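Predicted, not measured: the structure shown is a model, and the values here were computed from it. In what follows, chains are A, B, ... by sequence order, proteins preceding strands, each numbered from 1.
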Number of protein chains: 2
Amino acid sequence: MGRITIKDIAKLLEVNPSTVSRALKDHPDISVSMKEKIQQVAKDLGYQPNYQAIRFRQNKSGLIGLIIPEMGMFFFPAVVKAIEEIVKKNGYNLIILQSNDLLEKEKENALVCQNFGLDGLLVCLSKETMDVGHFTETIQRKMPIVFFDKVIQQKECSTVVINDELAAITAINHLARKGYKKISGIFGNQNLEITQSRKKGFLKALTKHRLLHYGEFCFHADTLEESKRKFAELLEQSVLPDAVFTMTDQTLAGVIQAIYEKGLSIPEELAVICISNGNLPYYLNPQITHIRHSGYAVGKTAVELLFDLMNDKVVVSNNQLELETFLVELDSC
Amino acid sequence: MGRITIKDIAKLLEVNPSTVSRALKDHPDISVSMKEKIQQVAKDLGYQPNYQAIRFRQNKSGLIGLIIPEMGMFFFPAVVKAIEEIVKKNGYNLIILQSNDLLEKEKENALVCQNFGLDGLLVCLSKETMDVGHFTETIQRKMPIVFFDKVIQQKECSTVVINDELAAITAINHLARKGYKKISGIFGNQNLEITQSRKKGFLKALTKHRLLHYGEFCFHADTLEESKRKFAELLEQSVLPDAVFTMTDQTLAGVIQAIYEKGLSIPEELAVICISNGNLPYYLNPQITHIRHSGYAVGKTAVELLFDLMNDKVVVSNNQLELETFLVELDSC
DNA sequence: ATCGTTTGCGCAAACGATTGCGGAAAATAC
DNA sequence: GTATTTTCCGCAATCGTTTGCGCAAACGAT
């Protein structure tokens with residue numbers, strides 16, 4: 001015999017399946033003696049409810065979806081770790097979908113989510129995404145969504161982000177306080193709001209400290225390799241920066257490789273600061289001063305907000321959370 | 001009106017739902033004219049099949065499960081990336097479960113997989129796991145399983161691993177060839193087969209090169225912090241190693257921190273080699289010579305084997321694959 | 001014209017669990 | 001002793017889709 005079903009138990013005890021169903025969930029309509037009998041048999045036979053059937057009937061999937069651009073080595077592992085833990089704690093499970101930073105794949109993923117009847121969705125947008133219509137139009141009526149990290153701010157959307165502008169300002173303030181003047185800024189993809197905000201903060205802080213004339217030390221890089229290559233080129237010029245700010249771990253990794261290859265000493269010849277999840281900076285020599293942007297905290301906050309939405313616990317309509325960041329001062333500046 | 005179902009289309013066209021179902025999947029029993037009519041209406045109404053219902057009826061979940069100890073920063077992100085890509089390419093989706101290296105949670109996860117009716121399962125065992133009964137007894141009759149990386153070799157199990165012993169031997173041979181003699185070995189959790197195999201290879205190679213009398217430079221460490229602390233202690237002793245081998249990125253990260261803090265120069269005062277996924281070694285200064293153990297390749301191979309099992313494509317009963325590793329010589333030795 | 005085959009579609013059961021309703025038996029009330 | 005309530009369980013429909021079977025009508029062959 002294959003899997004034990006409610007029908008099997010019912011047949012064995014010569015009762016109706018509905019009685020078994022109610023007995024197993026302690027329904028008051030069933031007598032104590034009958035409950036005990038049924039629960040005993042269920043236990044003996046090793047009955048396991050068919051959740052597939054339950055979810056089908058209740059039109060619940062028991063699943064939370066997570067769409068991310070790509071599982072890299074820095075930020076998203078921490079996000080995923082947090083989300084998986086909390087999703088499981090709430091009795092759900094986690095489905096992961098990668099968009100590979102392609103709008104097309106993101107749309108496909110949105111469809112998959114819809115067809116799976118996911119109970120909730122967490123999204124970090126691809127760099128190609130310019131609006132979130134493919135999520136809101138079709139899905140959001142019944143499926144709560146929380147956007148995090150790479151988001152597009154709209155008033156109907158729940159989001160979890162950090163104050164990107166402030167994070168960059170904090171970094172530059174630190175450099176300025178330490179006396180660095182020729183500050184280079186390395187940024188990610190231009191389309192992203194986080195890039196724009198961090199760059200805005202960067203420029204704002206430079207302006208405040210009257211250092212803006214060194215703005216030519218800035219560039220954008222989508223990949224680690226591009227970051228490395230461009231920074232290596234920058235280091236070949238006649239006028240060199242005395243400090244560099246990178247807006248992510250990924251750009252940091254590229255910049256660091258270029259610095260090592262050039263043989264510059266940190267911080268004597270070049271100071272370094274970045275916004276980071278908080279792992280890589282500790283592995284490097286010297287350790288890198290950074291603004292802590294914890295993927296774990298972002299993931300945790302996003303998924304907790306999602307469950308609040310799912311349980312209608314959120315009174316406020318404007319669910320746009322902003323996490324705190326803080327400076328971790330190490331040896332690189 | 002909510003979601004469009006087959007019944008809705010049937011009612012609209014005054015035909016039977018079964019006709020609609022067959023027409024939509026191009027069944028030969030349905031006339032061409034009827035097919036066209038039905039498919040047109042389905043399109044107009046924006047019909048989306050309820051996969052939940054389909055999977056329920058067919059007793060298929062469309063899901064592949066992945067159980068890992070913990071999403072760290074080094075190996076598993078690459079594994080997950082590969083698996084997600086291939087799973088999706090085959091029309092499935094991926095559920096991720098973390099065991100946190102706890103046998104209890106691993107058992108819970110196995111139950112979840114069962115109840116979800118997953119179509120296939122990929123497992124990297126926790127360090128507490130001593131046998132795989134909680135998988136094989138209950139699940140494997142209907143759900144193919146592939147164990148990878150941290151496995152327990154049994155003849156009924158499909159596994160994907162590397163030749164751990166050979167990887168360690170390759171590393172030590174390289175050190176010996178370069179003239180290093182006092183070789184320290186840093187290993188992960190003792191229970192794991194990968195640890196035992198790598199240590200075995202380490203000792204075997206040391207023996208071959210008549211360097212075994214330096215065996216006191218070895219220890220085990222479960223975490224990055226433990227690795228750092230113990231190696232820092234080791235560096236306080238009177239006799240120091242001239243080279244260190246770490247069996248993972250995680251132990252490498254700890255060892256590197258201890259080396260940096262002590263201010264030793266690599267490779268002049270201390271050579272370094274490791275088995276690595278191939279990211280971290282490039283971020284360090286100098287870059288670390290390593291035996292490449294690609295998480296992406298492991299994940300890809302494991303999930304491809306899984307699909308072969310699911311499609312009964314595997315003729316051989318003994319599905320124990322061993323991936324190639326190779327030496328990447330950089331600056332640390 | 002008769003018989004056999006193909007074509008095209010409907011009927012109804014099934015997957016496993018849930019739930020509103022109804023009703024017989026038991027318990028309580030008067 | 002009758003009326004009313006409570007207790008306890010069964011009946012049957014339901015979720016959306018699939019599928020074996022049956023059966024008319026149309027077609028083809030002789």
Side-chain angles (χ1 to χ4, degrees), chain A residues 1-43 45-63 91 114-119 142, chain B residues 1-42 45-63 91 114-119 142-143:
Chain A
M1 176 123 130
R3 195 193 181 108
I4 305 297
T5 71
I6 280 192
K7 290 182 187 173
D8 298 327
I9 300 176
K11 219 166 285 173
L12 191 73
L13 289 173
E14 294 177 324
V15 296
N16 193 279
S18 60
T19 305
V20 177
S21 173
R22 284 187 253 254
L24 290 177
K25 51 176 44 175
D26 211 30
H27 192 285
D29 266 10
I30 308 299
S31 68
V32 177
S33 62
M34 179 64 86
K35 277 180 192 167
E36 284 172 350
K37 219 175 2 174
I38 290 177
Q39 286 167 356
Q40 185 59 47
V41 171
K43 196 173 169 186
L45 265 55
Y47 168 73
Q48 294 275 354
N50 183 330
Y51 286 94
Q52 192 121 322
I54 295 175
R55 286 187 296 257
F56 163 58
R57 188 173 196 284
Q58 318 222 334
N59 206 20
K60 292 268 155 63
S61 66
L63 294 172
Q114 197 182 180
N115 289 335
F116 256 92
L118 299 188
D119 298 330
K142 300 173 60 187
Chain B
M1 177 122 129
R3 195 193 181 108
I4 306 296
T5 72
I6 282 191
K7 289 183 188 174
D8 298 327
I9 300 177
K11 219 168 285 175
L12 191 73
L13 288 173
E14 294 177 323
V15 297
N16 194 279
S18 60
T19 304
V20 177
S21 173
R22 284 188 254 252
L24 290 177
K25 51 176 45 173
D26 212 30
H27 193 285
D29 266 10
I30 307 298
S31 68
V32 177
S33 62
M34 179 65 88
K35 275 181 194 167
E36 284 171 351
K37 218 173 5 170
I38 289 177
Q39 285 167 357
Q40 187 57 47
V41 171
L45 266 54
Y47 168 73
Q48 293 276 354
N50 183 330
Y51 286 95
Q52 192 123 321
I54 295 175
R55 287 188 297 258
F56 162 59
R57 189 174 195 283
Q58 318 223 337
N59 206 18
K60 293 269 155 62
S61 66
L63 294 172
Q114 199 182 176
N115 290 335
F116 256 92
L118 299 188
D119 298 330
K142 300 174 59 188
M143 188 189 308

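Shown here for B:Q52 and A:F116, the closest heavy-atom pair between the two residues is OE1-O, 3.2 Å. The two residues B:Q114 and A:R3 make their nearest non-hydrogen contact at O-NH1, 3.9 Å. Minimum heavy-atom separation, B:D119 to B:S61: OD1-N, 3.1 Å. Heavy-atom minimum distance, A:I30 versus A:K35: O-CE, 3.3 Å. Here the shortest heavy-atom pairing between A:A53 and B:F56 reads CB-CE1, 3.3 Å.
Taking a 6.0 Å sphere around NZ of A:K60, one finds it holds 12 or fewer heavy atoms contributed by other residues, nucleotides or ligands.
Looking at DNA chain D, the stems built from 3 or more consecutive Watson-Crick or G-U wobble pairs, each pair with its key distances under 3.5 Å, are C:1-30 with D:1-30.
Where A:R22 and B:V20 each meet DNA chain C at their nearest nucleotide, the meeting point lying more 5' is that of B:V20.
The distance from atom CG of A:L24 to atom NZ of A:K43, rounded to the nearest 0.5 Å, is 13.0 Å. The structure places CG of B:D29 at 9.5 Å from OG1 of B:T19, a figure rounded to the nearest 0.5 Å. Atom-to-atom distance recorded for A:E36:CD and A:S31:OG is 9.0 Å, nearest 0.5 angstrom. In this structure, CE on A:M34 lies 12.0 Å from CD on A:Q39, to the nearest 0.5 angstrom.
Within residues 11-19 of chain A, the residues that place at least one heavy atom under 4.0 Å from DNA chain C are, in residue-number order, A:S18. Listed by residue number, B:F56, B:R57 are the residues of residues 47-59 of chain B with a heavy-atom contact under 4.0 Å to DNA chain C.
In 5' to 3' order, the nucleotides of DNA chain C bounding all contacts with chain A (an atom under 4.0 Å from a heavy atom) are C:dC15 to C:dG20.
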Between B:N50 and B:T5, is a side chain to side chain contact (heavy atoms under 4.5 Å, CB included) present by the stated rule, with each step listed? CA-CA 8 Å; B:N50 183 330; B:T5 72; over 6 Å; no
Can you list, pair by pair, the side-chain donor-acceptor contacts under 3.5 Å of residues 10-17 of chain A, counting residues two or more places apart and other chains?
residue	atom	partner	partner atom	Å
A:N16	OD1	A:S18	N	2.9
A:N16	OD1	A:S18	OG	2.8

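Within 4.0 Å of A:K25, counting heavy atoms only, lie sugar-phosphate atoms of the nucleic acid but no base atom.
For A:E36 and D:dC9, the CD to P distance is 12 Å, given to the nearest whole Å.
Residue B:Y47 is tested with B:V41, B:I38, B:I4, B:V20 for a side chain to side chain contact (heavy atoms under 4.5 Å, CB included); the sole match is B:I4.
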Between the protein and nucleotides 5-8 of chain D, which nitrogen or oxygen pairs come in under 3.5 angstrom?
none

